[in-house]
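Note on naming: letters A, B, ... go to the chains in the order of the sequence lines (proteins, then strands), and numbering restarts at 1 for each one.
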Number of protein chains: 2
Amino acid sequence: MDKLRKHIEQVISLTDAEFDHVKSFFTLKKARKNQYLLNEGDEAKHEFLVLSGIYKVFYVDAQDREYIVQFARENWWMSDYEAFFRQKAAGMYIECILPGEVLYSTLETRERLSKELHKMEHFFRVKLTNGYVAQQQRIKLLLSSTPQQRYEEFSKLYPDLLQQVPKKLIAEYLGVSRETLSRLYAG
Amino acid sequence: MDKLRKHIEQVISLTDAEFDHVKSFFTLKKARKNQYLLNEGDEAKHEFLVLSGIYKVFYVDAQDREYIVQFARENWWMSDYEAFFRQKAAGMYIECILPGEVLYSTLETRERLSKELHKMEHFFRVKLTNGYVAQQQRIKLLLSSTPQQRYEEFSKLYPDLLQQVPKKLIAEYLGVSRETLSRLYAG
DNA sequence: ATTATCGTGTGATTTGAATCACACTTTTAA
DNA sequence: TTAAAAGTGTGATTCAAATCACACGATAAT
């Protein structure tokens, strides 16, 4: 559980009592390889903070093609946030790629902690700000760049993921076919 | 200035004194057609709340192609947020398409109001949450859909913009060529 | 140990959208 | 009021990436 405290204290500082209170809203869960933490159609009740392992957040289109919205590793939050924030049925899946542990909690937790502790609302705002900026960059990448540029950008941002996850999945993240991606670092 | 109060009070409520305080950090600016509110290379000092008019937030690639990241109308916030939050030089432009008025303030304002008034931090968190969800939807659209689907989705979300802004700009928002977009509603 | 299944490279073919090119209309500016 | 610029439709051509097809080694399952 100490990882949670460290994670939060990268942004704000908490007394022991405050942390104990915060902690009480989170539950630990082990994830095995290929295990699903969220299924399309489920109520998106939880958000997850990754302690270890690698996960993919993805959706499937009418032609059964998969698209990865996010890879998540240590210290990343993940959920189908569209569904989570609006408390609707999930349109996405979360699957464990490399085994590890996550903490999970609910929207109620987020709102309640934000209300009770100004500091925690600040924490969530900062996190959201970072996420917003990251998404903006992703939008720009998808709008204007060639497969080549997307691959290079990805390699720069996530050199370790490049090693740890199958190229096939990276293609699904970049919005490029497996074959095209393969030819990028061959030619 | 009453529009600012209304805008904020859609999320939280403020006393007169509180609002006066908040108000004091914002400055009114009229925008004429084709006027630039932000230029690439400028320090991204300001964020804008649109009171009236229509604006586009866009960037230009090495081949001089334009890509629109956001259209903004009444009650929308806009900036090059990547640059604004990190206080770096802007990589984007903001241009007025239809004349109107905006309010602007700084990152310092946002941080200070958030610190002074828990309610205001809540306000910004809620706004950020909404923006995050909207961007998530945009990413999904760019990742998986055909030009046809993007156009249909856009028509559903912003039927009024469809009337008010040149199709050429809509093409730049959707990441499709002008000609392809034109053929979508002809064929 | 032996079969499946998965991940990956690479060639051949197809295809959808970009690009190029031009006409026509509507705004905007001199 | 007249010329220039911007917005838009539509055809012909090009091209980059998707798709299809197959081979092969590495995992994973029985």
Side-chain angles (χ1 to χ4, degrees), chain A residues 31-36 53-54 56 58 60-68 71 93 95-99 141-155 158 160-187, chain B residues 31-36 53-56 58 60-68 71 93 95-99 141-155 160-187:
Chain A
R32 305 186 57 235
K33 187 169 177 177
N34 300 322
Q35 184 180 351
Y36 281 66
I54 299 183
K56 60 172 179 173
F58 68 103
V60 178
D61 74 7
Q63 285 80 50
D64 259 321
R65 266 184 290 251
E66 292 189 14
Y67 300 89
I68 294 178
F71 287 113
Y93 301 85
E95 183 180 352
C96 175
I97 300 175
L98 282 184
L141 207 70
L142 289 174
L143 253 186
S144 63
S145 64
T146 62
Q148 174 82 51
Q149 291 170 309
R150 292 184 202 181
Y151 177 70
E152 284 166 7
E153 187 68 18
F154 185 89
S155 310
Y158 312 110
D160 45 334
L161 283 183
L162 215 59
Q163 309 304 120
Q164 293 176 291
V165 314
K167 313 285 187 202
K168 188 190 145 193
L169 296 186
I170 293 172
E172 287 172 20
Y173 180 87
L174 298 178
V176 182
S177 77
R178 213 203 80 227
E179 294 93 332
T180 297
L181 181 64
S182 165
R183 285 184 249 262
L184 284 181
Y185 41 78
Chain B
R32 305 184 58 235
K33 187 168 176 178
N34 299 322
Q35 184 179 350
Y36 281 67
I54 299 182
Y55 307 80
K56 61 172 178 174
F58 68 102
V60 178
D61 73 7
Q63 286 80 50
D64 259 322
R65 267 184 290 251
E66 291 189 14
Y67 300 88
I68 294 178
F71 286 114
Y93 302 85
E95 183 180 353
C96 175
I97 299 176
L98 283 183
L141 207 69
L142 289 174
L143 253 187
S144 63
S145 65
T146 64
Q148 175 82 50
Q149 291 170 308
R150 294 185 201 182
Y151 177 70
E152 283 165 8
E153 187 68 18
F154 185 89
S155 310
D160 44 335
L161 283 183
L162 216 59
Q163 308 305 120
Q164 295 176 289
V165 314
K167 314 283 187 203
K168 189 191 144 193
L169 296 187
I170 293 172
E172 288 171 19
Y173 181 88
L174 298 178
V176 183
S177 77
R178 214 203 78 227
E179 295 93 330
T180 297
L181 180 64
S182 165
R183 286 183 247 263
L184 285 180
Y185 41 77

5' precedence on DNA chain C between K33(B) and R178(B) (nearest-nucleotide basis):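 Nearest nucleotide further toward 5': that of R178(B).
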5′-ward residue of the pair N34(B)/E179(B) relative to DNA chain C: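 Looking at DNA chain C, the more 5' nearest nucleotide goes with E179(B).
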Close side-chain approach of Q149(B) to T146(B), heavy-atom, < 4.5 Å: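 Of all side-chain heavy-atom pairs linking T146(B) with Q149(B), at least one is under 4.5 Å.
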Side-chain touch L161(A)/I54(A), heavy atoms, less than 4.5 angstrom: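 Yes, close enough: below the 4.5 Å cut-off.
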Spacing between [X] atom [atom1] and [N] atom [atom2], to the nearest angstrom:
| X | N | atom1 | atom2 | answer |
| --- | --- | --- | --- | --- |
| K168(A) | dA18(D) | NZ | P | 16 Å |
| I97(B) | dA6(D) | CD1 | C1' | 14 Å |
| E172(A) | dA18(D) | CD | C1' | 15 Å |
| Q148(A) | dA16(D) | CD | C1' | 13 Å |

Donor-acceptor contact below 3.5 Å, side chain E153(B) vs main chain R150(B):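 The answer is no, because no donor-acceptor pair under 3.5 Å joins these two groups.
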S155(A) side-chain N/O to Y151(A) backbone N/O, donor-acceptor pair under 3.5 Å: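 Pair found, side chain donor or acceptor close to backbone of Y151(A).
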Given F154(A), Y158(A), F58(A), the one that forms side chain to side chain contact (heavy atoms under 4.5 Å, CB included) with F71(A):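 Going through the options one by one, the only one that passes is F154(A).
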Span of DNA chain C in contact with chain B (heavy atoms, under 4.0 Å):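 Here the contact window of chain B covers dA17(C) to dT28(C).
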Steps toward side-chain hydrogen bond (donor to acceptor under 3.5 Å, both in side chains) verdict (E172(A), Y67(A)): CA-CA 5 Å; E172(A) 287 172 20; Y67(A) 300 89; over 6 Å; no
Distance test, side-chain N/O of T180(A) to OP1/OP2 of dA18(D), below 4.0 Å: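 Answer yes for this pair, as a side-chain N or O of T180(A) is under 4.0 Å from OP1 or OP2.
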Side chain R183(A) and base dT19(D) donor-acceptor under 3.5 Å: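 Check passes, donor-acceptor contact within cut-off.
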